[in-house]
J.: 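Input: one structure, supplied below.
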Amino acid sequence: NDMYEFAKHMIEFRKRHAVIRKDIEPCSLHFPFTSIHSHTPWDEDISDDKRVLGVMYAGRNSKGGKDDIVYVAINAYWEDSEIELPDLLGKWKWRQVLDTANTKYKLNKAVPKSRRVMLPARSLAVFINDK
């Protein structure tokens, strides 16, 4: 039942965020549609010793014109790793909405102003833009 609920939740999430399904209008922050990150924003070096992969999708929904930014962070290492999310200018802030290391994987947790987040060992976390 837990796997079914998780899959159901992820299908609903995917439907709500067109940016992870198809090309949409460019976001107002001028981020590329898709970008790769390591522990630090815009560092595309994802060699073996980094152990963390971040993928950011950024666009603007044609309905309402709201920016839709989704950041997926994967920690493939057996120890916790700290990451820093890219800066969202203006009133935008990051909100963590998923953590596979948490038994209650669904979250609605504000990210600190430092934009630094600890990723538990062998886990995946998802963040979205929020005002």
Side-chain angles (χ1 to χ4, degrees):
N1 190 42
D2 290 343
M3 290 299 289
Y4 170 78
E5 289 301 319
F6 180 77
K8 184 177 157 184
H9 173 70
M10 294 312 300
I11 291 168
E12 290 169 5
F13 181 84
R14 184 176 178 269
K15 286 180 180 178
R16 282 193 313 271
H17 295 279
V19 73
I20 59 177
R21 292 183 280 119
K22 60 185 178 183
D23 286 342
I24 58 177
E25 298 294 320
C27 81
S28 67
L29 300 175
H30 307 290
F31 291 155
F33 176 70
T34 306
S35 55
I36 302 295
H37 309 262
S38 67
H39 290 88
T40 56
W42 310 110
D43 178 5
E44 295 181 4
D45 177 14
I46 52 169
S47 55
D48 291 346
D49 62 333
K50 297 286 182 156
R51 301 179 180 110
V52 172
L53 170 66
V55 180
M56 184 171 69
Y57 303 92
R60 179 184 288 266
N61 285 326
S62 56
K63 298 175 189 174
K66 180 183 176 203
D67 282 337
D68 187 14
I69 303 171
V70 175
Y71 190 100
V72 179
I74 303 165
N75 180 6
Y77 197 48
W78 57 79
E79 294 179 7
D80 297 352
S81 292
E82 184 179 66
I83 64 163
E84 180 183 346
L85 298 169
D87 190 12
L88 297 175
L89 305 173
K91 296 179 184 177
W92 292 110
K93 295 177 179 22
W94 287 109
R95 180 161 296 284
Q96 186 174 2
V97 294
L98 181 81
D99 177 3
T100 61
N102 190 329
T103 55
K104 297 183 187 271
Y105 55 87
K106 292 190 267 186
L107 300 174
N108 189 15
K109 180 177 156 184
V111 171
K113 288 184 182 188
S114 68
R115 301 181 328 273
R116 293 185 182 277
V117 178
M118 189 62 71
L119 290 179
R122 296 192 170 132
S123 69
L124 179 140
V126 177
F127 306 87
I128 61 170
N129 64 311
D130 192 28
K131 284 194 175 183

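All values below were derived from every heavy atom in this structure, side-chain atoms included, with hydrogens, water molecules and symmetry-related copies excluded. Predicted model, so just to flag it, every value in this text is computed and none were measured.
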J.: Quick check against the 3.5 Å criterion: does Arg14 have a side-chain atom that pairs as donor or acceptor with the backbone of Ile20?
T.: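 No; zero donor-acceptor contacts below 3.5 Å.
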J.: Establish whether Phe13 and Val72 are linked, either directly or via other cluster members, by ILVMFWY side-chain heavy-atom contacts under 4.5 Å.
T.: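 Same hydrophobic cluster.
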J.: Within this structure, what is the CD-CZ distance for the pair Glu79 and Arg122, rounded to the nearest 0.5 Å?
T.: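 Separation between the atoms: 10.0 Å.
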J.: Nearest 0.5 Å, please: how far is CD1 in Ile83 from CG in Leu85?
T.: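 Reported to 0.5 Å precision, the distance equals 4.5 Å.
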J.: Report the C-alpha distance between Lys93 and Val111 in whole Å, list the side-chain angles of each, state the deciding distance to 0.1 Å, and finish with yes or no for side chain to side chain contact (heavy atoms under 4.5 Å, CB included).
T.: CA-CA 7 Å; Lys93 295 177 179 22; Val111 171; over 6 Å; no
J.: So which heavy atom on Cys27 is nearest to which on Gly59, and how close?
T.: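 In terms of heavy atoms, the two residues are closest at CB-O, 3.4 Å.
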J.: Does any N or O in the side chain of Asp80 come within less than 3.5 Å of the main-chain N or O of Ala121, such that one atom is a donor and the other an acceptor?
T.: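 At least one qualifying donor-acceptor pair exists.
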J.: Could you tell me how the ring of Trp42 sits relative to the ring of Phe31: parallel (under 30°), tilted (30 to 60°) or perpendicular (over 60°)?
T.: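 Geometry flag for Phe31 against Trp42: tilted rings.
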J.: Between Arg116 and Glu82, what is the shortest heavy-atom contact and its length?
T.: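 Closest approach of Arg116 to Glu82: NH1-OE1, 3.6 Å.
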J.: Hydrophobic cluster membership, with links at side-chain heavy-atom distances under 4.5 Å among I/L/V/M/F/W/Y: are Val70 and Val55 in one?
T.: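 Both belong to a single hydrophobic cluster.
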J.: Give a yes or no on whether Val126 and Met56 share a hydrophobic cluster (residues Ile, Leu, Val, Met, Phe, Trp, Tyr; joining criterion: side-chain heavy atoms under 4.5 Å apart).
T.: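 No, because Val126 and Met56 fall into different hydrophobic clusters, even though each may have its own neighbours under 4.5 Å.
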J.: Any side-chain heavy-atom pair from Val19 and Phe33 closer than 4.5 angstrom?
T.: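 Yes - at least one pair of side-chain heavy atoms lies under 4.5 Å apart.
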J.: Show your working on side chain to side chain contact (heavy atoms under 4.5 Å, CB included) between Leu98 and His9 and close with a plain yes or no.
T.: CA-CA 10 Å; Leu98 181 81; His9 173 70; 4.3 Å; yes
J.: In Å and rounded to the nearest 0.5 Å, what is the CG to CG distance from Asn61 to Asp68?
T.: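 Separation between the atoms: 5.0 Å.
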J.: Please check this pair: side chain of Asn129 against backbone of Asp67, looking for a donor-acceptor N/O pair closer than 3.5 Å.
T.: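 Checked: pair present.
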J.: Would you check if the side chain of Asn75 reaches a backbone N or O of Ser123 as a donor-acceptor pair within less than 3.5 Å?
T.: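 Side chain of Asn75 to backbone of Ser123, a donor-acceptor pair under 3.5 Å: no, none is there.
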J.: Let me confirm one number: the CH2-NZ distance from Trp92 to Lys131, rounded to the nearest 0.5 Å.
T.: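 Atom-to-atom, Trp92:CH2 and Lys131:NZ are 4.5 Å apart.
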J.: What is the distance from atom NE2 of His17 to atom CD1 of Ile24, rounded to the nearest 0.5 Å?
T.: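 The CD1 atom of Ile24 is 10.5 Å from NE2 of His17, to the nearest 0.5 Å.
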J.: When clusters are formed by joining ILVMFWY residues with side-chain heavy atoms under 4.5 Å apart, either directly or through shared neighbours, do Leu119 and Val97 land in the same one?
T.: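 Hydrophobic grouping puts Leu119 apart from Val97.
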J.: Would you find more than 12 non-hydrogen atoms of other residues, nucleotides or ligands less than 6.0 Å from Met3 atom CE?
T.: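 Counting neighbours around CE of Met3, 12 or fewer heavy atoms of other residues, nucleotides or ligands fall under 6.0 Å, so no.
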J.: Spell out, as yes or no, whether a donor-acceptor pair under 3.5 Å connects the side chain of Asp130 to the backbone of Arg95.
T.: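 A pair under 3.5 Å: no.
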J.: Short question: side chain of Asp2, backbone of Phe6 - any donor-acceptor pair under 3.5 Å?
T.: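 Side chain of Asp2 to backbone of Phe6: no pair is present.
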J.: For Glu84, I'd like to know if atom CD has over 12 heavy atoms of other residues, nucleotides or ligands within 6.0 Å.
T.: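 Yes.
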J.: Could you report the tightest heavy-atom contact between Leu89 and Asp87, atom names first, then the distance?
T.: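 It is CD2-OD2, 3.6 Å.
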J.: Any heavy-atom pair between the side chains of Val117 and Tyr71 that's under 4.5 Å?
T.: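 A side-chain contact is absent here, since even the closest heavy-atom pair is not under 4.5 Å.
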J.: Measuring from Phe127:CZ to Lys109:NZ, what's the distance to the nearest 0.5 Å?
T.: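 The NZ atom of Lys109 is 8.0 Å from CZ of Phe127, to the nearest 0.5 Å.
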J.: Taking all atoms of both residues into account, what is the closest heavy-atom pair of His37 and Pro86, and its distance?
T.: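 In terms of heavy atoms, the two residues are closest at CE1-CG, 3.9 Å.
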J.: Measure across Ala125 and Gln96 and return the closest heavy-atom pair with its distance rounded to 0.1 Å.
T.: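 For Ala125 versus Gln96, the nearest heavy atoms are CB-NE2, 3.5 Å.
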J.: For a side chain to side chain contact (heavy atoms under 4.5 Å, CB included) check, start with the C-alpha distance between Trp94 and Ile69, then their side-chain angles and the critical distance, and finish with the verdict.
T.: CA-CA 9 Å; Trp94 287 109; Ile69 303 171; 3.5 Å; yes
